[in-house]
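Notes for the one structure printed next.
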Amino acid sequence: MPLSSLALSSGRSIELSEPRLSSTYGGMLEGYPCKPVNDMKTRSLLRIARALARFPRGEHVREDRCVPSRVESYLAHLDRLSGGVEPRFLPVASTKENLKGVTVIAYQDMPEDLTTALTYGLSLAEHPDWKFGRPELCLSVRSKDDRWAWAVGYLAEDLRGSCPFSYGNTIDFGERVSPESDMTAFVVFAPAVADRTDCRIDVSPPGHEGHDIIHLAGLYPIHGTERQYIDEHGLQPFWELDWDAYDVARRPVV
């Protein structure tokens, strides 16, 4: 018998069957709680709730609300990395049977004058090369054009299951990504806007830590000639050239 029940306007109901207590301010210095911390925590919860509302009903959210879902853990990690910056959510419909769509989480001016776009949905697929975790993509460019964010979402959805998105992999987009740039390809490497430790995200359920790991993989726009150079000579010689990884209007370096 539930302790309490709430009927939602959507027709679904929420039941409280077991109360559990946890520390809200664990690990904080003496003097907390206080209003700024309370406001920060409330804003974070609201951002995650708004984000989850953009996903199809029941797709990623567990019925047991005491256990965070996979996407909740991922979004909470991004919320900590962004420092509470409000993102936009761009959905890319699935073309894969038995796989849900990809969502792009896009941040303006993070960091500084860059637009940063991250995917969720690539890691729902399987690939034989993914031994110690599954990737999600992270793209940062000096541009306000949403085509870059849509491009990373399209590539994640279209190539999941076939491309491993390993460091050094190059991808031919097939056309100019944006009118502001002549670039038509991408290369995969470590994200430059996140520390190495922040690129490993454990989204495992409690009690199964380490069983479901997401690794952020950086996606960098490049020219067609640069893609050919990387394919022939490897990533390191190209990476050591003098080029700006965020400048989508730059000229080719090879």
Side-chain angles (χ1 to χ4, degrees), residues 48 51-52 55 59-62 64 67-82 87 92 94-107 110 116-140 149 151-172 185-222 227 230-231 233-240 245:
I48 294 172
L52 292 172
F55 288 93
E59 179 178 336
H60 304 293
V61 181
R62 297 181 189 273
D64 181 1
V67 180
S69 69
R70 191 176 192 271
V71 69
E72 284 177 303
S73 298
Y74 182 69
L75 290 173
H77 184 87
L78 297 188
D79 194 59
R80 289 191 294 272
L81 291 186
S82 69
V92 179
S94 178
T95 61
K96 305 291 190 298
E97 188 176 359
N98 300 324
L99 279 180
K100 302 298 183 180
V102 168
T103 298
V104 179
I105 302 106
Y107 297 88
M110 193 195 83
T116 295
L118 303 103
T119 62
Y120 180 80
L122 171 59
S123 62
L124 299 176
E126 302 280 351
H127 194 282
D129 289 354
W130 296 346
K131 307 293 187 184
F132 305 104
R134 305 178 189 183
E136 292 291 352
L137 303 181
C138 175
L139 172 100
S140 295
V152 70
Y154 166 78
L155 290 175
E157 198 291 316
D158 185 57
L159 299 178
R160 54 181 173 170
S162 59
C163 177
F165 292 99
S166 301
Y167 290 178
N169 285 165
T170 61
I171 302 165
D172 182 12
F186 294 88
V187 64
V188 182
F189 193 45
V193 297
D195 293 335
R196 181 177 179 182
T197 54
D198 291 328
C199 292
R200 183 186 185 275
I201 308 170
D202 192 340
V203 293
S204 311
H208 299 274
E209 287 77 7
H211 285 75
D212 191 359
I213 304 296
I214 290 177
H215 294 285
L216 295 183
L219 200 64
Y220 296 87
I222 55 175
R227 176 176 181 256
I230 295 171
D231 290 344
H233 302 281
L235 178 60
Q236 183 172 345
F238 172 75
W239 204 261
E240 293 174 348

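Looking at F165 and D129, their side chains never come closer than 4.5 Å, going by heavy atoms from C-beta outward. By the 4.5 Å heavy-atom criterion applied to side chains, V193 and C138 are counted as neighbours. Within the 4.5 Å cutoff, the side chain of L118 has heavy atoms near those of the L216 side chain. When side chains are defined from C-beta on, F238 counts as touching I222, because their heavy atoms get closer than 4.5 Å. Using a 4.5 Å heavy-atom threshold, the side chains of V188 and Y220 count as separate.
Note that OH of Y107 is 11.5 Å distant from OG of S140, once rounded to the nearest 0.5 Å. Atom-to-atom distance recorded for N169:CG and C163:SG is 4.5 Å, nearest 0.5 angstrom. Expressed to the nearest 0.5 Å, how far CD of E72 lies from CG of D79 amounts to 12.5 Å.
Within a 6.0 Å sphere centred on CD of Q236, heavy atoms belonging to other residues, nucleotides or ligands number 12 at most. The 12-atom threshold is exceeded at CZ of F189, counting heavy atoms of other residues, nucleotides or ligands nearer than 6.0 Å.
The list of side-chain hydrogen bond (donor to acceptor under 3.5 Å, both in side chains) pairs with a residue in residues 189-198, not counting sequence neighbours, is empty. Among residue pairs with one or both ends in residues 158-168, those qualifying as side-chain hydrogen bond (donor to acceptor under 3.5 Å, both in side chains) are S94-R160, E157-R160; sequence neighbours excluded.
In this view, H215 satisfies the ring pair (Phe, Tyr, Trp, His ring centres under 6.0 Å) rule with no residue, not counting sequence neighbours. The salt bridge (charged side-chain N to carboxylate O under 4.0 Å, His left out) check on E126 picks up R134, with sequence neighbours excluded. For D231, the side chain to side chain donor-acceptor pair (under 3.5 Å) partners two or more places apart in sequence, or in a different chain, are T170. Contacts of W130 classified as ring pair (Phe, Tyr, Trp, His ring centres under 6.0 Å), with partners at least two apart in sequence or in another chain: H127. Remark: E97 pairs with no residue by the side chain to side chain donor-acceptor pair (under 3.5 Å) rule, at least two apart or across chains. Annotation: side chain to side chain donor-acceptor pair (under 3.5 Å) contacts of D202 (sequence neighbours excluded): S204. Under the salt bridge (charged side-chain N to carboxylate O under 4.0 Å, His left out) criterion, D212 pairs with R70, sequence neighbours left out. With sequence neighbours left out, the ring pair (Phe, Tyr, Trp, His ring centres under 6.0 Å) criterion links Y74 to Y120. Scored by the side-chain contact (heavy atoms from CB on, under 4.5 Å) test, A156 finds V102, T119, L122, L137 as partners (sequence neighbours excluded).
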- Message: Let's go through L219 and L155 carefully: what are the C-alpha distance in whole Å and the side-chain angles of both, what is the deciding distance for side chain to side chain contact (heavy atoms under 4.5 Å, CB included) to 0.1 Å, and is it a yes or a no?
- Response: CA-CA 10 Å; L219 200 64; L155 290 175; 4.0 Å; yes
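Put simply, the side chain of H211 gets close to the backbone of H208: a donor and an acceptor are under 3.5 Å apart. Judged by distance alone, the side chain of E136 and the main-chain N or O of A217 form no donor-acceptor pair under 3.5 Å. T116 contributes a side-chain N or O that, together with a main-chain N or O of M110, makes up a donor-acceptor pair within less than 3.5 Å.
Taking every heavy atom of both residues into account, P135 and P164 meet most closely at CG-O, 4.0 Å. I214 approaches S123 most closely through the heavy-atom pair CD1-OG, 3.7 Å.
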